[in-house]
Amino acid sequence: MSQNLFAVMRDHVVEALRALLPQLTPEHLIRVEVTPARDPAHGDMATNAAMVAAKPAGQNPRALAQSLAERLTAHPLLQSAEPAGPGFVNLRLNASALLDQIPVILRAAEGYGDGTVGAGVRVNVEYVSANPTGPMHIGHCRGAVVGDALAAVMAKAGYEVTTEYYVNDAGGQVQALAWAAYWRYLQAIGSTITAEEFDAATPTGLQYRGEYLIPVGRSLYEHFGTTLATADLAIADPSLWFGPVRDRALSMMMAEIREDLALLGVRQDVFSSERALLESGAVDRAIAELDAKGLIYEGVLEPPKGKAPDDWEPRPQTLFRATEFGDDVDRPLRKSDGSNTYFANDIAYHADKIARGSDVLIDVWGADHGGYVSRMKAVVKAVSDGRVPLEIVLCQIVHVMRGGQPVRMSKRAGTFVTLRDLLDEVGRDAVRFTMLMRKSDAQMEFDLDQAVAQTRENPVFYVQYAHARCRSVLRAAGESLGAAAVTPEALAEADLTGLDDPQELALIRRLIAWPRLVEGAAMAREPHRVAFFLYDLAGEFHMLWNKGRDDSTLRFLQAGDEAGTRARLALVAATAIVIRSGLYVLGVTPAEEMR
RNA sequence: GCGCCCUUAGCUCAGCCGGAUAGAGCAACCGCCUUCUAAGCGGUAGGUCGGUGGUUCGAGUCCACCAGGGCGCGCCA
């Protein structure tokens, strides 16, 4: 039987509805849902079936709910099915149906909640893709965590997920990086050239002035001595040094980024190089294919209304007919110097992802790329002839707060918060969990004080504490009953009939909602739902724990009542499993104890 | 000027592709905490869901317009 009781009951409801009203079409039936009851007084679950069927059937929803309820009641898992409100049918599971899910959880272990909604669907999730021109900062961090958790929850729901990082190692910013690294190289070999002089002598200006390039300059000196400069330690002709300097700078920056990702617990399957794509001719081929479809032309764009740049001048450009696929304006593929725009290269990159075998592409981007969404969706539609959808998850800005005040960030002043700084200050688990306590498309405040607080205000702490409490109870039980008696396998055999307190049942109801939540979060591409679920689940567990303070019969370890103890331990072990299963999706450590 | 995102309790935010009386934490107020499982616990109060129309049996959720905040707007990525 499916782990997902809601799916089981939904099948039952749909079957009963079809028997009642054979004329209903699949379009009607797809709207039928079985959801957790909001109020325990309503039972365990509710279905909207009668309301969605009322109109096509030409019947009164309440009357339909009445006859549907009569048919549903026969199900062996149900104690009752009753019409309610405007046409809901409230479903109440019989006591054993609820309790029987505990051994299901214990036997499935961390695999509890694994689903099949994504079975057979190959998804490519691309995230981070920070330019290798400097260390990762807090802005990249949100995308990294969201992408990683999204990939994990989709994998848990059964999708075949590939995670990917697109390395922008071509283009003007890389050129600027090479010059900036060369500047640090000249410093390393003892050149007396000043920043101002260097800036003036550089085609792109001296852009990246952060100290993080000093080790690159030093490394260049160690490998090449002074051979990359003129005899008097001044700027040599770029043809003598540009390639080696660029390559070393890129590889060292990527190494640093990979180290940052590792510290954050992010591990992507594929790293794709923009330069490799370019050199393989893939970009030319992709453009040629669009050209063959008649989607490329030479044209002149109108200046944006109301905000025409001062230096605007009409200019013929190579354009992609994005407007044929829903974009506002056709988009340029070539710069005035004849090289490709970033967009052109990105077309080839997405075509490559499709060619490697993806049914769905998901890109996780920062909000500053929002204006890029419609053209990218347009071109993916064009390239794949509409077969492969591109979905974009936009992550809005993160404001870092300390002591109720915003932490000011300025890249120019070098005071921006690097990912490394953030990890050093609050730790990986807090960074990841906190980033997921907001919808990705809403701006968020990252409160440094809250992220390290050891109180209920801090969701990371609260959830990890719940898990640690579970583990602590099981450890204590192992000492008195023997380790073999408290394994999940042993507890799966426990007689659970003693679990009947409303708070115990509330906890169980929360546990059995996990498979459904995984499914919903994966389909909606909303990993933050997992974090909120865990917070609520932890709350339910802590509430039961606290209730045991006033009512000692609710404590997990009952001296002299081994059967009752074992039943409660089964519940505790199942709770620990679900928390662990969820934390695994988020990439957060399930703490064994709090110190 | 145009496009996209956001606006829910004093504050920070949920609200599960339209469903029942809109939820949580913090702050506020009341009570509890010599002992049991207290890096506290229980409870109360607090919202015309930015505004105005519309679609619907039903709208915080969908549509239109307006207001406020954010991100963008031909060669950056």
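We name chains A, B, ... by the order of the sequence lines, and we start the count at 1 in each one. These numbers come from a predicted model, not from an experiment.
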Determine the contact category for [X]: base if any of its heavy atoms lies under 4.0 Å from a base atom, sugar-phosphate if only primed atoms, P, OP1 or OP2 are that close, otherwise nothing.
X	answer
A/Gly172	sugar-phosphate
A/Arg529	sugar-phosphate
A/Ala524	nothing
A/Ser336	base
A/Gly171	sugar-phosphate

Would you say [X] reaches [N]'s phosphate, i.e. side-chain N/O to OP1/OP2 under 4.0 Å?
X	N	answer
A/Arg456	B/G25	yes
A/Lys335	B/A77	yes
A/His542	B/G25	no
A/Lys439	B/C5	no

Quick one: does A/Thr47's side chain have a donor or acceptor within less than 3.5 Å of a partner on A/Glu33's backbone?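 Yes; judged by distance alone, with no hydrogens or angles, the pair exists.
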Output all residues satisfying side-chain hydrogen bond (donor to acceptor under 3.5 Å, both in side chains) with A/Arg510, sequence neighbours left out; order by chain, then residue number.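 A/Arg510 satisfies side-chain hydrogen bond (donor to acceptor under 3.5 Å, both in side chains) with A/Glu540 once adjacent residues are dropped.
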Between [N] and [X], counting only base atoms on the nucleotide and side-chain atoms on the residue, is there a donor-acceptor pair under 3.5 Å?
X	N	answer
A/Arg516	B/C16	yes
A/Tyr465	B/A39	yes
A/Asp169	B/A77	no

Which letter, B, S or -, goes with each nucleotide of nucleotides 54-64 of chain B from 5' to 3', with contact meaning a protein heavy atom under 4.0 Å? --SS-------
Give, ordered by number, those residues of residues 442-454 of chain A having at least one heavy-atom distance below 4.0 Å to an atom of RNA chain B; if nothing qualifies, reply none.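 A/Gln443, A/Met444, A/Glu445, A/Gln454 - these, ordered by number, are the residues of the stretch whose heavy atoms sit under 4.0 Å from the strand.
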May I ask you to test the A/Tyr535-A/Arg456 pair for a side-chain heavy-atom distance under 4.5 Å?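 They are in side-chain contact.
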Using the [atom1] atom in both, what is the distance from [N] to [M], to the nearest Å?
N	M	atom1	value
B/A59	B/G54	C1'	11 Å
B/G53	B/G60	P	14 Å
B/C26	B/A45	C1'	15 Å
B/U61	B/G70	P	24 Å
B/C29	B/G46	P	16 Å
B/G50	B/G68	P	16 Å
B/G10	B/A28	C1'	9 Å
B/G42	B/G25	P	9 Å

Considering only distance and modelled atom types, tabulate donor-acceptor pairs under 3.5 Å from the side chains of residues 170-179 of chain A, sequence neighbours left out.
{"residue": "A/Gln173", "atom": "OE1", "partner": "A/Asn131", "partner atom": "ND2", "Å": "3.0"}
{"residue": "A/Gln173", "atom": "OE1", "partner": "A/Tyr208", "partner atom": "OH", "Å": "3.4"}

Take a 6.0 Å sphere around CZ of A/Arg475 and say whether it holds more than 12 heavy atoms from other residues, nucleotides or ligands.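 Counting other residues, nucleotides and ligands, CZ of A/Arg475 exceeds 12 neighbours.
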Find the distance [X]:[atom1] to [N]:[atom2] and express it as a whole number of Å.
X	N	atom1	atom2	result
A/Glu540	B/G23	CD	C1'	13 Å
A/Lys547	B/C33	NZ	P	21 Å
A/Arg469	B/C41	CZ	C1'	11 Å

Where each pair must be Watson-Crick or G-U wobble with both distances under 3.5 Å, what dot-bracket representation of RNA chain B is obtained, with crossing pairs in [ ] and other-strand partners as |? (((((((..((((.....[...)))).(((((.......))))).....(((((..]....))))))))))))....
Between A/Ala50 and A/Leu64, which heavy-atom pair has the shortest distance, and what is it?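 Reported closest heavy-atom pair: O-CD2, 3.5 Å.
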What is the minimum heavy-atom distance between A/Pro40 and A/Arg509, and which atoms define it?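 Here A/Pro40 and A/Arg509 meet closest at CB-NH1, 4.5 Å.
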Under 3.5 Å, which donor-acceptor pairs link side chains of residues 521-528 of chain A to any protein atom two or more places apart or in another chain?
{"residue": "A/Arg525", "atom": "NE", "partner": "A/Glu391", "partner atom": "OE1", "Å": "2.7"}
{"residue": "A/Arg525", "atom": "NH1", "partner": "A/Tyr159", "partner atom": "OH", "Å": "3.4"}
{"residue": "A/Arg525", "atom": "NH1", "partner": "A/Ala522", "partner atom": "O", "Å": "3.0"}
{"residue": "A/Arg525", "atom": "NH2", "partner": "A/Glu391", "partner atom": "OE2", "Å": "3.0"}
{"residue": "A/Glu526", "atom": "OE1", "partner": "A/Arg529", "partner atom": "NE", "Å": "2.9"}
{"residue": "A/Glu526", "atom": "OE1", "partner": "A/Arg529", "partner atom": "NH2", "Å": "3.0"}

How about A/His350 and A/Asp363: does a side-chain donor come under 3.5 Å of a side-chain acceptor?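 On atom types as modelled, these side chains qualify, holding a pair under 3.5 Å.
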Return the stacking result for B/G72 and A/His369: yes when the ring centres lie under 5.5 Å apart and the planes under 30°, no otherwise.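 Per 5.5 Å and 30° rule: no stacking.
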